[in-house]
2 protein chains.
Amino acid sequence: MTLSEEDYIKAIYHLSEFNSKSVATNAIAEQMKTKPSSVTDMIKKLAEKSLVNYKKYQGVSLSEKGRLVALSIIRKHRLWEVFLVDKLNFSWDEVHVVAEQLEHIKSDALIDKLDAHLGFPKVDPHGDPIPNKDGVFTKSVKKLISELPVGSQGACVGVNDSSAAFLKFLDKNKIALGDTFKILEIEEFDGSVTISTRSGSIRISKQIATNLFLEIVDEE
Amino acid sequence: MTLSEEDYIKAIYHLSEFNSKSVATNAIAEQMKTKPSSVTDMIKKLAEKSLVNYKKYQGVSLSEKGRLVALSIIRKHRLWEVFLVDKLNFSWDEVHVVAEQLEHIKSDALIDKLDAHLGFPKVDPHGDPIPNKDGVFTKSVKKLISELPVGSQGACVGVNDSSAAFLKFLDKNKIALGDTFKILEIEEFDGSVTISTRSGSIRISKQIATNLFLEIVDEE
DNA sequence: ACAATTTTTTAGATTTGTCTAAAATTATAT
DNA sequence: ATATAATTTTAGACAAATCTAAAAAATTGT
């Protein structure tokens, strides 16, 4: 698989991740920052290799084979992100660009050993699940604090607003990525939320609650 | 710089590492496993970017700019090799192929942080020196035990013969990469050498001595 | 329903890195 | 010294991935 093919497969996966229907040529072109005609060419090539299901003018979807390729790339991407944050002290918002390159390194042994080195993580620094070797992963529930009911509990895995000001605020309030929070109370009046942290409970404004993602530990 | 350009620069560096003269087109073609005509094309391109000094039919040499590019790639390659061996438990003879891919990842921050994570190593797992950011490195002396006089001391950094049998032998005799040895005595009769190790002194045959490299800690 | 718009595909060109075959240059051997 | 051999370069072609411009198909609005 060429680098470019891998990028297309990944783009198609992400575009069909939630709606599951077939993906439009234009949508892929936008995602890949290229022209629709280039997309058509590449789709033909991927169809030739039966990585995608394709019928002219009818959009495209990943075949099972293609889906597994996508998941293996995503697995690599997310493991590298964990490495960059946990081992090299990158901040979680800097890692994406570098992981985009690292995900294309071809070595099964490397990924196995990296996985072990990292302690077989289940989610990446943004709270997104890491597929296993066979492409199996538990769809994690990742929600804004403002969307959760009282009693919910989870690890803080990301922010909506990555402005320096907001990150500074989090730092000042001793809120860090990875911290576990529990929602104790939601104030009807202003939407502010009381959450418990390791160092006690604090109250956060609605604005904060709509910008912090929790990765819910969903027992099932 | 494209991946291919980087590979050519690295090949030219290695080919002129010891003789320092200009490198022949055929030599590059052999190293790169490509045809001489392809090499000529690429050399023209590199000359255009003033990464090499080139005169038709006269061979090619790296410009200062090209030399710095080569050293930055070598720096990345060797840091990744240290990572693979020290952190991911690859054996030192498996790392080259993977490092060949990793060396092309473009991110200064990544290499800085990797360097720090590894404790700013000075040599790679094969005993070859790691250039610093500015391309400066101390030319390390790496010699076979059989080439060294009594009294020499250094870290074991590599083998000539990487057959499974030889590696097994080393393992059985508790000789591992990184161990420090001192040469105590050389037997005229059969060329066998007595060396001191952490766990006492042992005698190794000439055959072993001609297959083990020491990285000499050369005070100057 | 069908004209207008949007989306998608085709056709033909471009760039990068490669190739083969042939020509130009340099090296070698007697 | 010069014919022969080896090396290097040129010329022209090709595959991959992209582009522009134009044609084909699907969608939308009234």
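Protein chains get the first letters and strands the later ones, always in sequence-line order, with residue 1 at the start of each. These numbers were taken from a predicted model, which means no experiment stands behind them.
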Charged N to carboxylate O under 4.0 angstrom, [X] versus [Y]?
X	Y	value
B/Asp190	B/Lys206	no
B/Asp108	B/Lys133	no
A/Lys49	A/Glu5	yes

Between [atom2] of [N] and [atom1] of [X], the distance in whole Å:
X	N	atom1	atom2	result
A/Asp41	C/dA11	CG	P	11 Å
A/Leu46	C/dT9	CG	P	13 Å
A/Glu5	D/dT18	CD	C1'	14 Å
B/Glu30	D/dT7	CD	C1'	13 Å
A/Ile28	C/dT8	CD1	P	9 Å
B/Asn26	D/dT9	CG	C1'	12 Å
B/Lys44	D/dA11	NZ	C1'	10 Å
A/Met42	D/dC19	CE	C1'	14 Å

Would you mind classifying the nucleic acid contact of B/Thr40 as base, sugar-phosphate or nothing, using non-hydrogen atoms under 4.0 angstrom?
base

Please tabulate, one pair per line, each protein N/O and nucleotide N/O from nucleotides 20-26 of chain C that are separated by under 3.5 Å, including the distance.
| from | atom 1 | to | atom 2 | distance (Å) |
| --- | --- | --- | --- | --- |
| C/dT20 | O4 | B/Ser37 | OG | 3.0 |

If we ignore angles and hydrogens, is there a donor and acceptor under 3.5 Å between the side chains of B/His104 and B/Glu6?
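Yes, a side-chain donor-acceptor pair sits under 3.5 Å.
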
Is any side-chain N or O of B/Tyr54 closer than 4.0 Å to OP1 or OP2 of D/dT8?
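Result: no.
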
Would you say B/Thr2 reaches C/dT16's phosphate, i.e. side-chain N/O to OP1/OP2 under 4.0 Å?
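For C/dT16, OP1/OP2 do not have a side-chain N/O of B/Thr2 under 4.0 Å.
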
Salt bridge (Lys or Arg N to Asp or Glu O under 4.0 Å) evaluation trace for A/Arg67 with A/Glu64:
CA-CA 5 Å; A/Arg67 204 181 68 91; A/Glu64 183 56 16; 3.2 Å; yes

Where the side chain of A/Ser4 is concerned, which of D/dT18, D/dT8, C/dT8 is the nearest nucleotide?
D/dT18

Could you tell me if the ring centre of A/Phe83 sits under 6.0 Å from that of A/Phe90?
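No, the ring centres sit 6.0 Å or more apart.
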
Partner residues of A/Glu103 under the side chain to side chain donor-acceptor pair (under 3.5 Å) criterion, sequence neighbours left out
A/Lys10, A/His77

